[in-house]
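Report on the following structure.
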Amino acid sequence: MKQKQFLEVLDRDEAEKRWRERIDAATLAGERIGLDHALGRVLAEDVRSPVDVPGFDRSNMDGFAVRAADTFGASEEEPVRLRRGEETIPTGVVPRLEVMPGATSMIATGGMLPRGADAVVPIEHTDVDESDAAIVVVRHSQTPGGAVSFAGTDMGQGETVLFAGTRLSSRETGVLAAIGCAEVTVVRRPRVAILSTGDEIVQPGDELLPGFVYDSNGRILSDAVAELGGEPWFLGAFRDDLAALNEALHRALREADLVLLSGGTSKGEGDLNARVVAELDPGIIVHGVALKPGKPICLAAHQRRPVVILPGFPTSAIFTFHEFVAPVIRSLAGLAPDSREIVSARLAIRTVSARGRLEYLLVGLTRSDDDSLSAYPMGGGSGSVTSFSRADGFVRIERNREIVEASSRVEVTLIARELPVADLVVIGSHCAGLDVIASALAEQGFSVKLLAVGSQAGLAAVRRGECDVAPIHLLDPETGRYNDPFLEPGMRLVKGYCRMQGVVTRPDEVRETEALLDDRSLRMVNRNRGAGTRILIDRLLSGRRPPGYAHEPRSHYAVAAAVSQGRADWGVAIETVARQVGLRFRQLQDEHYDFAVSEVRWDRPAVAALRRLLEPDTPLRSKLTALGYGTAT
């Protein structure tokens with residue numbers, strides 16, 4: 001019986017339980033491959049050594065093979081004199097002569113220990129008698145086994161050296177080489193078919209027309225599969241053509257172990273993925289999970305072969321991939337379930353969640369002066385490509401919780417296996433010039449973490465000791481001065497640069513600012529509350545609320561895009577961005593973009609490097625000037 005009603009939203013755990021009951025996620029069969037292709041693969045069976053390692057009693061250094069008892073009591077003051085044998089033993093040669101009592105044979109590092117000998121005296125503890133070259137003077141006693149590796153002491157013949165389920169790194173492949181394994185049996189890589197869908201999708205490198213988007217999901221999912229030990233098979237992007245999609249899906253089912261479709265998971269009539277998947281056996285098992293991001297995910301199967309339709313938005317797609325698909329790929333590949341580290345942090349900004357859905361809130365983490373962690377929500381929503389790539393972890397907000405207040409303690413699940421430590425943490429207002437500065441710091445070997453939260457939130461982060469510097473451009477209306485009036489005790493200011501803020505429109509709009517403000521038919525685009533530009537905009541409007549006032553993007557680039565694409569008629573942005581996009585610019589105010597720094601962090605290496613870069617007449621200053629940024633005074 002085919003499921004007809006989609007988006008019957010289930011709890012996350014119940015959805016996974018139902019799906020896993022209908023699919024086969026057992027480890028795949030083994031295959032024999034050459035050792036030169038084994039790196040990163042998972043052993044399908046235990047490996048036992050067919051030889052002893054070392055295969056013979058081996059000297060660990062250049063010296064003389066001896067009977068240890070002959071050296072007892074030897075010292076610098078009372079050396080022992082031994083007869084030098086006729087044989088010198090290099091590597092790769094089987095000794096012919098036995099070392100007799102009171103005698104010795106010269107031996108090289110790695111040489112086979114001759115019969116009769118049970119130790120090696122290092123050459124630096126010996127001399128040749130000046131009056132008799134056949135006599136070796138030993139000035140250091142040696143114990144039995146000294147400077148010798150006996151046969152089989154590393155690995156013995158028949159000993160299990162590696163166990164099934166081991167993922168082979170260079171250490172393990174070295175062990176396999178040491179026991180002479182030219183081939184090894186590994187788990188077959190799960191082949192994962194990936195189909196991107198949608199009329200609006202174009203591939204990177206193709207022309208991007210209005211209303212179209214580049215296919216990032218195909219790349220993200222392919223590489224995520226490879227990272228998990230799978231074999232990605234990208235079949236391409238498919239327009240909304242039922243016959244073509246159906247043919248591609250069934251080809252994927254014939255040749256792959258798991259099938260991923262990206263996009264087309266809602267109830268819209270144009271979304272064909274669910275229609276073709278519904279015809280499988282048993283078809284759709286779950287369509288809709290109480291999850292944010294990722295609510296419209298579709299979990300299905302065909303004769304116990306897993307099939308998943310991931311949401312089209314990148315953040316939703318990658319989140320649901322790691323929640324539901326990644327564990328199945330790991331299981332098919334013979335890998336143990338992944339375990340992620342969880343750390344406790346203070347939520348830096350009040351967050352409102354959607355009631356009724358488990359929400360995964362992406363956050364960036366910073367370490368405070370007291371070594372505690374603060375979590376900054378990344379924002380961006382399901383459609384953001386960069387949020388997941390820049391986030392350090394995520395916070396689970398349970399489905400019945402609507403508000404998480406600032407300063408609340410939260411548990412953060414790390415995305416990577418460990419928390420990356422940046423040399424310079426920057427929290428505050430973002431600017432295109434800041435990207436130039438971060439690039440210059442990176443050239444000097446410093447890693448930089450940027451969190452764009454606005455000038456006022458940046459100052460709060462400095463106050464709490466959560467960042468190294470806070471870029472700010474705050475105008476004090478009483479004094480007409482930028483930034484200095486907002487510094488608190490314990491803060492210092494690094495002078496940045498000046499940038500011209502102004503009103504931007506499309507090139508065909510020639511009216512001046514006042515005429516634009518008076519025209520109620522025009523739609524504006526605002527800036528986020530807490531940003532220095534928002535203060536400037538509210539001062540410009542003097543209490544007016546034009547259409548679009550509630551539209552609050554977080555960057556100058558987003559303002560420029562809204563105006564350029566016709567979603568708004570005017571906004572406020574910096575001249576550098578307006579010039580890049582080709583907008584008409586009307587000067588409003590030359591503002592100062594500076595950096596607030598806690599005195600405690602003033603002399604940290606990365607902060608000192610930033611201060612040097614911003615000194616007069618540096619190459620960075622020249623680059624900023626060329627981009628249209630003036631020198632702050």
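Treat the numbers as computed from the prediction; the structure is a model and nothing was measured. As a basis for the values below, the full set of heavy atoms in this structure was taken, side chains included, without hydrogen atoms, waters or symmetry mates.
With respect to the salt-bridge test (charged N to carboxylate O, under 4.0 angstrom), the residues R12 and E323 qualify. Between D538 and R534, at least one side-chain nitrogen of the basic residue sits less than 4.0 Å from a carboxylate oxygen of the acidic one, meeting the salt-bridge criterion. E552 and R529 are joined by a salt bridge, as a carboxylate oxygen and a charged side-chain nitrogen come within less than 4.0 angstrom of each other. Under the 4.0 Å criterion applied to side-chain N and carboxylate O atoms, D468 and R601 are assigned as salt-bridge partners. Between D423 and K449 there is no salt bridge, since none of the side-chain N atoms of the basic residue sits less than 4.0 Å from a carboxylate O of the acidic one. A salt bridge does not link D617 to R621: none of the charged nitrogens lies less than 4.0 Å from a carboxylate oxygen. Between R463 and E488 a salt bridge is recorded (basic side-chain N to carboxylate O distance below 4.0 Å). Taking 4.0 Å as the cut-off between side-chain N and carboxylate O, D594 and R492 do not count as a salt-bridged pair.
Proximity of L588 to M500: side-chain heavy atoms (C-beta onward) are nowhere separated by under 4.5 Å. R189 is listed as a side-chain neighbour of R41, based on a closest heavy-atom distance under 4.5 Å. Within the 4.5 Å cutoff, the side chain of L361 has heavy atoms near those of the T351 side chain.
Under 3.5 Å, the side chains of D484 and H592 contain no donor-acceptor pair of N or O atoms. Q589 and Q501 share no donor-acceptor pair across their side chains, judged by distance under 3.5 Å alone. A donor-acceptor pair shorter than 3.5 Å can be found between the side chains of S374 and E466. A side-chain donor from one of R409 and S344 sits under 3.5 Å from a side-chain acceptor of the other.
For E599, the CD atom counts as densely surrounded, since its 6.0 Å shell holds more than 12 non-hydrogen atoms of other residues, nucleotides or ligands.
A distance of 8.0 Å separates OG1 in T533 from CD1 in I574, rounded to the nearest 0.5 Å. The OH atom of Y557 sits 13.5 Å away from the OG atom of S564 when rounded to the nearest 0.5 Å.
Between the S555 side chain and the P553 main chain, no donor and acceptor come within less than 3.5 Å of each other. Under a 3.5 Å cut-off, the side chain of S408 and the backbone N or O of V404 do not form any donor-acceptor pair. Listed for the R584 side chain is a donor-acceptor partner under 3.5 Å among the backbone atoms of P507. Under a 3.5 Å cut-off, the side chain of S222 and the backbone N or O of R219 do not form any donor-acceptor pair. Listed for the T166 side chain is no donor-acceptor partner under 3.5 Å among the backbone atoms of L168. Here the side chain of R527 pairs a donor or acceptor atom with the backbone of R554 at under 3.5 angstrom. For the pair S353 (side chain) and I403 (backbone), a donor-acceptor distance under 3.5 Å is absent. The backbone N or O of L627 lies less than 3.5 Å from a partner atom in the side chain of R579, making a donor-acceptor pair. In terms of modelled atom types and a separation under 3.5 Å, the side chain of R330 and the main chain of L228 share no donor-acceptor contact. Side chain of Y549 to backbone of V525: no donor-acceptor contact under 3.5 angstrom is found.
The heavy-atom pair separating A438 from L450 by the smallest distance is CB-CD1, 4.4 Å. In this structure, L583 and T505 approach most closely via the heavy-atom pair CB-O, 3.4 Å. The minimum heavy-atom distance between D215 and S196, with the atom names listed, is OD2-OG, 2.9 Å.
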What's the verdict on side chain to side chain contact (heavy atoms under 4.5 Å, CB included) for Y497 and C431, showing C-alpha distance, side-chain angles and the deciding distance?
CA-CA 11 Å; Y497 49 80; C431 176; 3.1 Å; yes

Report the C-alpha separation of D392 and T366 in whole Å, then their side-chain angles, then the decisive distance to 0.1 Å, and conclude whether the side chain to side chain contact (heavy atoms under 4.5 Å, CB included) test is met.
CA-CA 9 Å; D392 295 311; T366 66; over 6 Å; no

Is there a side chain to side chain contact (heavy atoms under 4.5 Å, CB included) between F394 and V412 once you walk through the steps?
CA-CA 5 Å; F394 57 85; V412 181; over 6 Å; no

Residues N483, F595; criterion side chain to side chain contact (heavy atoms under 4.5 Å, CB included); working and verdict
CA-CA 9 Å; N483 301 329; F595 301 90; over 6 Å; no

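The salt bridge (Lys or Arg N to Asp or Glu O under 4.0 Å) test with D569 is passed by exactly one of R511, R523, R506: R506.
For the pair R499 and F585, the NZ or CZ position fails the cation-pi test of under 6.0 Å to the six-membered ring centre and within 45 degrees of the ring normal.
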